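Note that the coordinates shown come from a computational prediction; the quantities given were computed from them, not determined experimentally.
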Amino acid sequence: ADGWFTIDTQSPEAGKIALKEFEDIGRQDNDFLTNDNNFVLDVNGREPFTSVTFQRKFDDGDFEELLKNQEIKSDGVYTYRAILKDSAGNSSITPNQIVTIETVDPVITENSFSLGTDDTGVSNQDLITKIINPSVDFKSEAGLRVFVTHNLEIEDVTSATTFNAETGIYTIAFLDDLADGSYHVTIEDDAGNHSDITQKSTFVVDATPPEFSPIRLIANTDQGTNIDDRYTAVVKPVVKFDKLNGDRPNIWSYIHGPGH
């Protein structure tokens, strides 16, 4: 019969917590701040033939045992560790691995998006301008990246954006001339949550002067020997013309009054 036994009092090599199928999304890819809430726990560098028990605590709570597959339902700070036990009963604990989950998209504060004095034209609040390098203001939380989408191409304009910590206002200063068209401003936090494109955070550059058809006098106000020569004795004629260019619908304009 076998009459031997082994005494082993050496703690096993613990290794480190590893996250499999995990995307560290956002500004940095190694800060473990992400909106990826589905991943798998593992231990790298552990001693062979050791058993593994995973533990997790949420925010300032207590550690609890859990399975390796993670499907996280609540945003917050999660601290992971693993307890390893060898065949002699010696155990080791890995260093903690902290993962911060944030899945809420940042938002531009309602009614804060503005071109300011660069909002030119009939209305100074319609987010349409003829200025080809306008400034754009909006309010939101601190620490965001700022993007602009034009013609389905997205550009990171964070470097051209300043943030006033006292007022919470971001200002985008476009130094390069913008082509005519719609520009959609979106924002992204450090966890990689990106806001949606909305009409309220879109501005339009239209620097092309309007073109109009030749005017006509209508409603029997072109009088005289020729009813198409635009000579009339009517002091309040009715004038008609069409807008010929641009991506907005054609407009009709009727002008009444002497001297027109």
Side-chain angles (χ1 to χ4, degrees), residues 23 25-29 35 102-216 239-255 260:
E23 290 188 85
I25 303 168
R27 191 189 298 262
Q28 299 180 26
D29 60 4
N35 60 16
E102 183 179 339
T103 60
V104 179
D105 291 341
V107 295
I108 293 176
T109 302
E110 188 76 14
N111 298 323
S112 71
F113 192 85
S114 172
L115 290 171
T117 57
D118 289 344
D119 198 330
T120 58
V122 176
S123 170
N124 61 3
Q125 295 180 333
D126 61 1
L127 301 177
I128 301 174
T129 183
K130 68 176 181 179
I131 297 176
I132 55 179
N133 51 358
S135 292
V136 177
D137 295 333
F138 63 88
K139 284 186 178 182
S140 192
E141 63 187 81
L144 301 175
R145 288 196 292 170
V146 182
F147 297 82
V148 172
T149 301
H150 173 63
N151 288 341
L152 302 180
E153 294 185 2
I154 187 168
E155 179 183 0
D156 186 340
V157 296
T158 305
S159 61
T161 304
T162 58
F163 177 70
N164 187 319
E166 293 184 1
T167 62
I169 294 177
Y170 288 82
T171 300
I172 311 171
F174 293 95
L175 302 180
D176 296 330
D177 295 346
L178 301 182
D180 283 7
S182 296
Y183 292 82
H184 312 284
V185 176
T186 53
I187 48 181
E188 184 179 284
D189 63 21
D190 284 349
N193 301 297
H194 201 107
S195 66
D196 294 329
I197 289 176
T198 68
Q199 189 63 37
K200 293 182 179 180
S201 59
T202 297
F203 68 94
V204 175
V205 174
D206 183 358
T208 303
E211 296 180 7
F212 295 94
S213 67
I215 66 171
R216 289 185 292 148
V239 179
K240 175 185 175 182
F241 57 88
D242 296 315
K243 183 177 184 291
L244 299 180
N245 68 330
D247 57 3
R248 298 185 211 169
N250 286 347
I251 60 172
W252 302 85
S253 181
Y254 300 89
I255 303 173
H260 296 282

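One finds the CG atom of Asn133 at 8.5 Å from the CG atom of Asp176 (value rounded to the nearest 0.5 Å). Separation of atoms CD1 (Ile154) and NE2 (His194) is listed at 4.0 Å; rounding is to 0.5 Å. Taken to the nearest 0.5 Å, the OG atom of Ser123 stands 8.0 Å off from the CD1 atom of Ile128. Asp180 contributes atom CG, which lies 5.0 Å from atom CG of Asp206 (distance to the nearest 0.5 angstrom). We find the CD1-CG distance between Ile187 and Leu144 to be 5.0 Å, quoted to the nearest 0.5 Å. Rounding to the nearest 0.5 angstrom, the gap separating the CG atom in Asp126 from the CG atom in Leu115 is 8.5 Å.
Val136 is listed as a side-chain neighbour of Phe174, based on a closest heavy-atom distance under 4.5 Å. Val205 places none of its side-chain heavy atoms less than 4.5 Å from the side chain of His150. Counting only heavy atoms from C-beta outward, the side chains of Glu110 and Lys200 approach each other to under 4.5 Å. Between Pro106 and Asn193, the closest side-chain pair of non-hydrogen atoms falls below 4.5 Å. Looking at Ser114 and Asp119, their side chains never come closer than 4.5 Å, going by heavy atoms from C-beta outward. At least one side-chain heavy atom of Thr186 sits less than 4.5 Å from a side-chain heavy atom of Ile197.
Here the shortest heavy-atom pairing between Lys130 and Ala207 reads O-CB, 3.5 Å. Here the closest non-hydrogen pair linking Arg27 and Asp190 is NE-OD1, 2.8 Å. Residues Ser201 and Ile108 share a closest heavy-atom pair of CB-CD1, 3.8 Å. The heavy-atom pair separating Pro134 from Leu178 by the smallest distance is CD-CD1, 3.8 Å. What you find for Ser135 and Ala173 is that their closest heavy atoms are OG-CA, 4.2 Å. Across all their heavy atoms, Thr167 and Lys139 have their closest contact at O-CE, 3.6 Å.
For the side chain to side chain donor-acceptor pair (under 3.5 Å) criterion with His184, the lone passing option out of Thr202, Asp196, Thr149 is Thr202. The only member of Phe163, Phe203, Tyr170 that meets ring-ring contact (aromatic ring centres under 6.0 Å, His included) when paired with Phe138 is Tyr170.
Residues Asp137 and Thr171 bring a donor and an acceptor atom of their side chains to less than 3.5 Å of each other. With 3.5 Å as the limit, one finds a donor-acceptor pair spanning the side chains of Asp156 and Thr158.
Counted within 6.0 Å of CD on Glu141, heavy atoms from surrounding residues, nucleotides or ligands total more than 12; the atom is thus considered enclosed. For Asp177, the CG atom is densely surrounded, since the number of other residues' heavy atoms within 6.0 Å is greater than 12.
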